[in-house]
Each structure stands twice: as structure tokens, then as C-alpha cells.
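Since the structure comes first, as C-alpha cells, the remarks are kept for the end.
This is a predicted model, so every value here is computed, not measured. Within every chain, numbering begins at 1; the chains are lettered A, B, ... in the order of the sequence lines, protein sequences first and strands thereafter.
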There are 2 protein chains.
Amino acid sequence: MTYRFPSLNGLKAFEAAARHLSFKAAAAELGVTAGAVSQQVKRLEMSLGIALFRRLPQGLLLTQEGTAYLPEISRAFDVLTDATEAIAPALNGRKLSIGLDPVVVDKLPKGWPRHTNELKPYVREIRATRDVELIWSNEVDALILAEATRHGNLVEQKVCLSGDTAPIYFVTRPGLAECRQSRAILEALTS
Amino acid sequence: MTYRFPSLNGLKAFEAAARHLSFKAAAAELGVTAGAVSQQVKRLEMSLGIALFRRLPQGLLLTQEGTAYLPEISRAFDVLTDATEAIAPALNGRKLSIGLDPVVVDKLPKGWPRHTNELKPYVREIRATRDVELIWSNEVDALILAEATRHGNLVEQKVCLSGDTAPIYFVTRPGLAECRQSRAILEALTS
DNA sequence: GGAAGAGACTGAGATTTTCTGAGTCTCGCG
DNA sequence: CGCGAGACTCAGAAAATCTCAGTCTCTTCC
């Protein structure tokens, strides 16, 4: 299958513009300038060798092909959106599941129990475990460990506690390391 | 809907890699290097906050999420492919429909009838018309006109015939102007 | 046990794609 | 006829993506 795909940006631009019948409105929706949308759609039309819009002075009009294309493209985007939302609910607002190495518990700052309360908006549960496997199986989102794992593919952040005890480690998948939730947890640990 | 889409490249990389369970094989299919696929997939995983693959020394393995994701993504791509193929059959091998302005016929090189024979692989039909509308409605792919249209959005190529008659114009939608088919026609006109 | 091979990863720099910003054009309206 | 709206173009800026070279781990084969 050597079929060369039209670009996703082009299709998104087309989809938005076709719904609004306006490049300007589509640009606003996509958060770019109208010129960008115009260029995207033109590139798409060029790569297809087909006119999707009629540019009339009064505004845009879909050609017959554009009319036929739109519902299909929308449907495909819906499939992508639904599938994505199903496996990876937007991080925004999602509560993490944390694995806490039993060995670490003693080392935690004495204010920790109070902090766990403040973390409620960000944390769904705290399990006693040090099993890195649970990260890969997506059963927990992060681990708080006593020792570095030296496990490639994982993000490991060393945390130096206030006392002069040994450091502990906050371990997550890439992509979760910098999210709001992780930052809140790290802050609670260091304070 | 402020949902930020995972990038198409990332999804394509994921889809190919998941089918092959190999970044290297996916890279070959996509015509890029393995490093590029690796980076694409990693970016995708980061943007989702989810691990899609387990990287084992023995090779790749889909996580549970990856397994659930794959068929949906494939399906969406199928929809895009089918819809695209339906409205815009790959240019490669497609025969064009040409509109020939009756006024131009006399001016054509005397070898033209012979050329129309040679153009068969590229041309489906030649209609007598000078109606620019037919380009926009995708009823014809190009026009051969006696006069310039000064019609924005169309590509107009001036053709100077061998005699010292007035030039004629080859008019197409953007995207069709440089294709093999158009070049063959232009060549037949000028020779 | 060691050498060689396979496949994935990373970082830097090159390349390509996409976006912006300013200016132009056409049309419809007052 | 001057204005405003919306689409277009071009050049340059910015961002995303790719390649390349080198590293690492594990497996296989002497």
C-alpha cells in the first residue's frame, strides 16, 4: 500500500472550513490564521487534484466532491477521537494512581499525611508497591521508590527530602512527568 | 471541541509499527528511518500519557491499551482512504477529461489528430467547450482556450504554437498543472 | 565465553512543513 | 466612490520531523 495520505492538518482544515463555510471561522476554531487554513486547504486540493471548495465572492461553497467528502472525513475524525478518548482520557483532570514503595514510607516528610489530603484532586489511589511492571501495564501512573531503577524508557526524578536522609525517586512514564498532577505530588514530597 | 488531536504522523507510525511489531519494518513501509518511527511513537505516547508498546529485548509488544487502540485507528485510516479514493482516484494513471474551445480547433498544429491518439493513455475524453465552470464542477480537468480567463484560483499556461498565430491557453485546477498527464498534453500542443 | 548481529534508543544538526504578518484583490453596501 | 469583509499571496520565522552516527541490550553462533 503505497498510497500517499493527504495530510491530517489539511483534512482538519478542510473539515472545519466545510462546516463553517468560512476560512476565517475555521481558523478561529483551529487557533491559527486564516492564511494558514487557506494554504492547508489549497495544498490538500492540490494533492488530491480536486477542487473541494468554490471560492465565490459571497463566500465559500462546497463542490460536489467536497460535499461527498465532508461526512466521511468527519466520521473518521470521530473514530479517532473516540478511540483516543477511550484509551487515554484527557490528562487534564485525570487522577493518577501512585505506587508507594513500603521502604520509603518512613522517610517521607512528617507532613505527608496532610499532603495526601491536599493531593486528592490529583491522586486516585496510593498503593504499596515497588513493581515497575505496573507502570508498563498502566495500572499505576507513577512510583515513589527508594532506589533508582535505571530502567530506560522511564522518567526518573530524584527527590531530595528535607532531612539528610537518602534521596527517593519519582518514576513515571514519559509524558506524565511534567503534568500538573506530577508537579503537585513532587511539591508535596519536597515541602 | 478544544480536544487536541494526536498527530497523524504519530498515529500512522503507531499503526504500522503495531502491525509489524517492529519499528524497523514500519520504517521501511513508511519510507523513513527507524529512528523517526521511534520518535513519532514516543511523541504519541507522551501526548497521550499512555504506553502503547512494551519495549522488550526480544522485540515490541503491544500494551493492553495499544491492543485496544490499533483496530480503531486502522479503521479510521480505512475510512479516510476509502473516502479519498472515492472522490479523488489517485492521479497516477487517471485519465483526464479535456475541454477544447471550438475556436481553437483551427489553430491546432496539423499533427494534432495523430497526437490525440498518442494521448489516449492520459485523456479520457475531449469535449467541445470553453466553460470554466466545468472545471470547478470537476466535470473537466482542463481547458484549452483561445483567450486568457484571468480567473484567479486557476492555473493558466500560455502555449505558443509553432505558427505565428496567437497563443492559446491551457487552464487547469492547481494540482493538475504539473502532473504527467498535463505535461503530455502540453507537449502534444507545442510539438 | 566472546564476537557478531539485530533492533531500539538518543542527541545534534539538517531539512521540510507549517504558520505568521503584511499587503493585495474582489465584491457588496451605503 | 470609499469601506469593510473575507480570501489570497509571498517572504521570512518558527516548529515539526528526519537523518545520521553512535550507544545499548539481548540473542545467536562459534
To the nearest Å, give me how far apart CD (B/Glu45) and P (C/dA8) are. 13 Å
So what does B/Ala34 touch, heavy atoms closer than 4.0 Å: a base, only the sugar-phosphate, or nothing? nothing
Atom CZ of B/Phe14 and atom C1' of C/dA8: how far apart are they, to the nearest Å? 17 Å
Picking from D/dA7, C/dT20, D/dT19, the nucleotide nearest the side-chain atoms of A/Arg55 would be D/dA7
Regarding A/Ser182 and A/Tyr122, is there a side-chain donor-to-acceptor distance under 3.5 Å anywhere? no
In whole angstrom, give the distance that lies between atom CG of B/Leu8 and atom C1' of D/dA16. 14 Å
Could you state the CG-P distance from B/Leu61 to C/dA8, rounded to the nearest angstrom? 13 Å
Determine whether B/Ile144 and B/Ile168 make a side-chain contact, defined as any pair of heavy atoms from C-beta on separated by less than 4.5 Å. yes
I want to confirm an ordering. Mapping A/Gln39 and A/Leu56 to their closest nucleotides on DNA chain D, which one lands closer to the 5' end? A/Leu56
Under 4.0 Å between a side-chain N or O of B/Ser38 and OP1 or OP2 of C/dC9? yes
Examine C/dT17: is either OP1 or OP2 under 4.0 Å from a nitrogen or oxygen in the side chain of A/Arg43? Give yes or no. no
When clusters are formed by joining ILVMFWY residues with side-chain heavy atoms under 4.5 Å apart, either directly or through shared neighbours, do B/Leu21 and B/Ile73 land in the same one? yes
Please state whether the phosphate of C/dT20, meaning OP1 or OP2, lies under 4.0 angstrom from any side-chain nitrogen or oxygen of A/Thr33. yes
What is the distance, rounded to the nearest whole Å, between atom CG of B/Leu30 and atom P of D/dT19? 10 Å
Side-chain N,O (A/Gln40) to OP1/OP2 (C/dT17) below 4.0 Å: no
For B/Lys42 and C/dA8, is the shortest distance between a side-chain N/O and OP1 or OP2 below 4.0 Å? no
Hey, is the side chain of A/Ser22 poking within less than 4.0 Å of OP1 or OP2 on D/dG6, counting only N and O atoms? no
Which of these nucleotides, C/dA8, D/dA7, D/dT19, is closest to any side-chain atom of A/Leu60? D/dA7
Whole-Å distance separating the NE2 atom of B/His20 from the C1' atom of C/dG7: 15 Å
SB check A/Glu45 A/Arg55 (cutoff 4.0 Å): yes
Whole Å only: how far is the NZ atom of A/Lys12 from the C1' atom of C/dT18? 16 Å
Give a yes/no verdict on a cation-pi contact between B/Lys12 and B/Phe77, requiring under 6.0 Å between NZ or CZ and the six-membered ring centre and an angle within 45° of the axis. yes
Distance, rounded to the nearest Å, where A/Phe23 contributes CZ and D/dT9 contributes C1': 14 Å
